[in-house]
Each structure stands twice: as C-alpha cells, then as structure tokens.
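All heavy atoms count here, side chains included; hydrogens, waters and symmetry mates do not.
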Amino acid sequence: MELTHVVAAIIINDNKFFIAKRAKDKHLEGMYEFPGGKLLKNESHEDGLKREIKEELDIEIEIKDKIGEENFKDDTINVKIHYYMCTHKSGKLTLNEHQDSAWVTKEEFKNYEFAEGDKDIISLL
C-alpha cells in the first residue's frame with residue numbers, strides 16, 4: 001500500500017484546541033481528529049493545509065510551526081501525518097465534513113476518542 005502524505009492543523013485559541021469528529025461513513029468514523037487532509041500532487045504542506053481547512057471548515061488559518069509527524073497504517077490506509085500549530089485568522093467556522101467539533105483544553109483530551117496518529121501527537125502539546 002502506497003504511503004500518502006497528510007497535513008493536519010492543530011488550531012489553538014485562548015489555550016483551547018479545536019478538534020473535530022469524523023463524519024459517518026468515513027474511515028475511522030466517529031473518532032476525533034485534528035482537521036486536515038491529503039496533499040495534492042506537487043502541493044506544499046502549507047498550501048495543502050490552508051486548502052483543506054478552507055474546504056472542511058470554511059476558515060483561513062495562519063500556520064505557525066510544524067510540531068511533528070506520525071505514521072499510521074491499517075488495512076485501509078497508510079499515511080504520514082504532518083502536524084502544524086495554527087491560529088484562526090478569519091472566517092466563520094462551519095463544519096462541512098465533520099459531524100461535531102469542540103474547543104478543548106489539554107486536560108480535556110482524555111474525554112474524547114481520537115483517531116490513531118492524532119492520539120500520539122497529543123503528548124507533544
């Protein structure tokens with residue numbers, strides 16, 4: 001199975017992190033994640049992340065720093081997820097692809113079931 005590169009935004013505001021619940025009928029449905037998605041061919045991480053967040057949440061973000069990456073493989077996917085700290089720059093947040101969302105503190109992460117990969121990056125926050 002070919003490796004797919006994925007970018008994810010860890011959006012922080014007032015010491016709270018934005019998390020989103022994966023849509024029904026999607027791989028890992030119902031799990032929480034940091035939003036993002038697959039890079040297009042020859043697309044930079046920054047351009048891909050801005051595009052994905054605009055598509056999924058209808059907002060503009062400012063990308064700060066890359067904080068890490070995680071590999072995840074199962075029977076369906078083989079991905080390397082690149083995580084970036086971001087802030088909400090403009091726009092009204094709208095869930096176009098997720099079934100729910102929350103702004104949570106680091107301490108509240110334990111109350112949500114995260115998709116593999118995203119679980120591991122939490123320790124770096």
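In this structure, the side chain of Thr94 engages the main chain of Lys92 through a donor-acceptor pair within 3.5 Å. Side-chain atoms of Glu52 never come within 3.5 Å of backbone atoms of Leu49 as a donor-acceptor pair (strictly under, hydrogens ignored). With hydrogens and angles ignored, the 3.5 Å screen pairs no side-chain donor or acceptor of Tyr112 with any backbone N or O of Ala102.
There is a path of hydrophobic side-chain contacts, each under 4.5 Å, that joins Phe72 to Leu124. By the criterion of side-chain heavy atoms lying less than 4.5 angstrom apart, applied directly or through intervening Ile, Leu, Val, Met, Phe, Trp or Tyr residues, Tyr83 is grouped together with Met31 in one hydrophobic cluster.
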Could you go step by step and tell me if Lys119 and Glu113 meet the salt bridge (charged side-chain N to carboxylate O under 4.0 Å, His left out) rule? CA-CA 8 Å; Lys119 277 184 197 175; Glu113 188 175 0; 5.6 Å; no

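There is no side-chain donor-acceptor pair under 3.5 Å between His88 and Glu60. Lys38 and His5 are not linked by any side-chain donor-acceptor pair at a separation below 3.5 angstrom, with hydrogens and angles left out of the test.
For Asn78, the side-chain hydrogen bond (donor to acceptor under 3.5 Å, both in side chains) test picks out no residue, with sequence neighbours left out. By the side chain to side chain contact (heavy atoms under 4.5 Å, CB included) test, Met85 pairs with Ile10, Ile12, Phe17, Lys64, Ile67, Leu125, sequence neighbours left out. The ring-ring contact (aromatic ring centres under 6.0 Å, His included) search around Phe114 returns Phe34, Phe109, not counting sequence neighbours.
Taking CD1 from Ile11 and CG from Leu57, the interatomic distance works out to 5.5 Å, rounded to the nearest 0.5 Å. With rounding to the nearest 0.5 Å, the separation of CD in Glu46 from SG in Cys86 is 9.5 Å. Interatomic distance, Asp25 CG to Gln99 CD, rounded to the nearest 0.5 Å: 9.5 Å.
Heavy atoms only, all atoms of each residue included: Pro35 and Glu56 are closest at CB-OE1, 3.5 Å. When every heavy atom of Gly48 is checked against every heavy atom of Val7, the shortest pair comes out as C-CG2, 4.0 Å.
Taking a cutoff of 4.0 Å between a charged side-chain nitrogen and a carboxylate oxygen, Lys80 and Glu69 qualify as a salt bridge. Salt-bridge formation is detected for the pair Arg51/Glu43: a Lys NZ or Arg NE/NH1/NH2 atom is positioned less than 4.0 Å from an Asp or Glu carboxylate oxygen. With respect to the salt-bridge test (charged N to carboxylate O, under 4.0 angstrom), the residues Arg22 and Glu29 do not qualify.
Within 6.0 Å of CG on Asn15 lie no more than 12 heavy atoms contributed by other residues, nucleotides or ligands.
With contacts defined as side-chain heavy-atom distances shorter than 4.5 Å, the pair Val104/Ile19 qualifies.
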